[in-house]
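Comments concern the structure below.
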Amino acid sequence: MKPFVLATVAFVATAVAGCSSPRADEKMSFFVTSSQAADGGAIGGLAGADAHCQKLAEAVGSGKRSWRAYLSAAAESGRPPVNARDRIGRGPWFNAKGVQVAADIDDLHRSNALGDKTSLDELGESPGYWHDMMTGSNPDGTLASGDVTCGNWTTTRGHALVGHSDKGGRYGGERATSWNSAHKSGCTMTALQSMGGKGRFYCFAAD
């Protein structure tokens with residue numbers, strides 16, 4: 001083959017490669033944490049939770065995005081209450097395998113595609129039995145009332161409101177199918193584990 005033809009083929013191949021679709025992990029904008037951030041519900045507040053999301057995302061090559069934990073927090077020290085739904089951007093959101101789990105914030109809280117096969121961690125794995133995800137939130141993503149945030153995610157005392165990443169379970173009654181507001185759990189790791197949790201939570205790319 002002549003040098004000119006070879007050069008042309010090489011150029012075309014490079015151009016095609018440059019126009020290829022992003023890998024699933026590059027497209028990822030949602031995951032459940034694969035590991036605990038600290039001790040049960042004491043995860044360093046919202047800032048500590050966000051930092052954990054960022055750290056896990058960076059470990060799999062998705063650290064260029066701005067990651068936020070899906071957690072609500074009560075008002076304190078002159079700061080207004082925080083709703084989880086207001087922290088995570090507009091969507092759409094895709095899991096580690098490139099599957100869209102929600103088109104926008106309303107879809108996320110109304111008819112999302114979350115479930116056992118789609119609520120995956122940053123490694124693309126299902127949480128399995130450990131499906132309790134801390135949120136402190138109502139089904140619509142707003143702060144739930146009462147003792148539901150482990151002291152705004154700074155202590156192992158009190159309670160956490162959790163959701164079921166697989167939308168199922170024996171705790172929560174009719175709310176067991178809720179991904180973000182199924183039932184209360186204690187804030188110690190022992191208490192969380194006794195009901196199917198490990199101090200994990202959801203992370204979303206807010207940008």
In short, Met134 meets Val162 closest at the heavy-atom pair CA-CG1, 3.9 Å
All heavy atoms of Leu143 vs all of Pro81, minimum pair found to be CD2-CB, 3.8 Å
Value for CG (Asn180) from OH (Tyr70), rounded to nearest 0.5 Å, stands at 4.0 Å
Problem set entry | Sub-4.5 Å side-chain heavy-atom contact between Trp67 and Leu56 | no
* Lys167 versus Asn112, side-chain donor and acceptor atoms under 3.5 Å -> yes
- Side-chain contact test, heavy atoms from C-beta onward, threshold under 4.5 Å: evaluate it for Tyr171 versus Asp132 and give yes or no. no
Mind checking whether Leu71 and Thr149 have side chains closer than 4.5 Å, heavy atoms only? no
**Request:** Mind running side chain to side chain contact (heavy atoms under 4.5 Å, CB included) on Phe30 and Val32 for me, showing each step along the way?
**Result:** CA-CA 7 Å; Phe30 158 84; Val32 304; 4.2 Å; yes
ask   = Do Trp93 and Tyr202 have side-chain heavy atoms sitting under 4.5 Å apart?
value = no
CD1 (Ile88) and CG (Asp207) are apart, to the nearest 0.5 Å, by 12.5 Å
With side chains defined as the heavy atoms from C-beta onward, is the minimum distance between Pro127 and Met133 less than 4.5 Å? yes
Requested in this report: Indicate, with yes or no, if Val101 and Phe94 share a hydrophobic cluster defined by side-chain heavy-atom contacts under 4.5 Å among Ile, Leu, Val, Met, Phe, Trp and Tyr.
Outcome: no
Between Phe31 and Leu123, is there a shared hydrophobic cluster once you connect ILVMFWY residues whose side-chain heavy atoms come closer than 4.5 Å?
yes
In terms of heavy-atom contacts, Gly141 and Ser72 come closest through O-OG, 3.7 Å
Looking at Asp121 and Arg200, is there a salt bridge between them, counting it only when a charged N and a carboxylate O are closer than 4.0 Å? no
For Gly169 and Ala176 the tightest heavy-atom approach is O-CB, 3.5 Å
Original post:
Is a donor on one side and an acceptor on the other found under 3.5 Å between the side chain of Gln54 and the backbone of Ser66?
Top reply: no
Which atom pairs, one a donor and one an acceptor, fall under 3.5 Å between side chains of residues 187-199 and the rest of the protein, sequence neighbours left out?
residue, atom, partner, partner atom, Å
Thr188, OG1, Ala191, N, 3.0
Ser194, OG, Ala191, O, 2.6

Nearest heavy-atom approach of Gly89 to Ile105 is O-CD1, 4.1 Å
For residues Asn152 and Thr154, is any side-chain donor paired with an opposing acceptor at under 3.5 Å? no
Measure the shortest side-chain to side-chain distance between Met28 and Val60 over non-hydrogen atoms and say whether it is less than 4.5 angstrom.
-> yes
Output for pair (Glu58 CD, Lys64 NZ), nearest 0.5 Å, gives 11.5 Å
Ser178 and Ser181 have their tightest heavy-atom pair at OG-N, 2.8 Å
Can you find a heavy atom in the side chain of Arg68 that is under 4.5 Å from one in the side chain of Asp50? yes
With a 4.5 Å heavy-atom cut-off, do Arg85 and Asp106 have their side chains touching?
yes
With a 3.5 Å distance limit and no angle check, can you tell me whether Asp147 reaches the backbone of Gly158 through a side-chain donor-acceptor pair?
no
Value for NE2 (His164) from CG (Leu114), rounded to nearest 0.5 Å, stands at 14.0 Å
Fill in: Arg170 atom CZ, neighbour heavy-atom count above 12 within 6.0 Å
no
Fill in: Distance-only side-chain donor-acceptor flag, Asp116 / Ser126, under 3.5 Å
yes
Rounded to the nearest 0.5 angstrom, the OG-CG distance for Ser137 and Asn83 is 7.5 Å
Between the CZ atom in Phe204 and the OG atom in Ser29, the distance rounded to the nearest 0.5 Å is 8.5 Å
Just checking, is any N or O donor in the side chain of His109 or Asp140 under 3.5 Å from an acceptor N or O on the other one? no
Side chain to side chain contact (heavy atoms under 4.5 Å, CB included) filter on Ala37, not counting sequence neighbours, yields Ile43, His52, Phe201
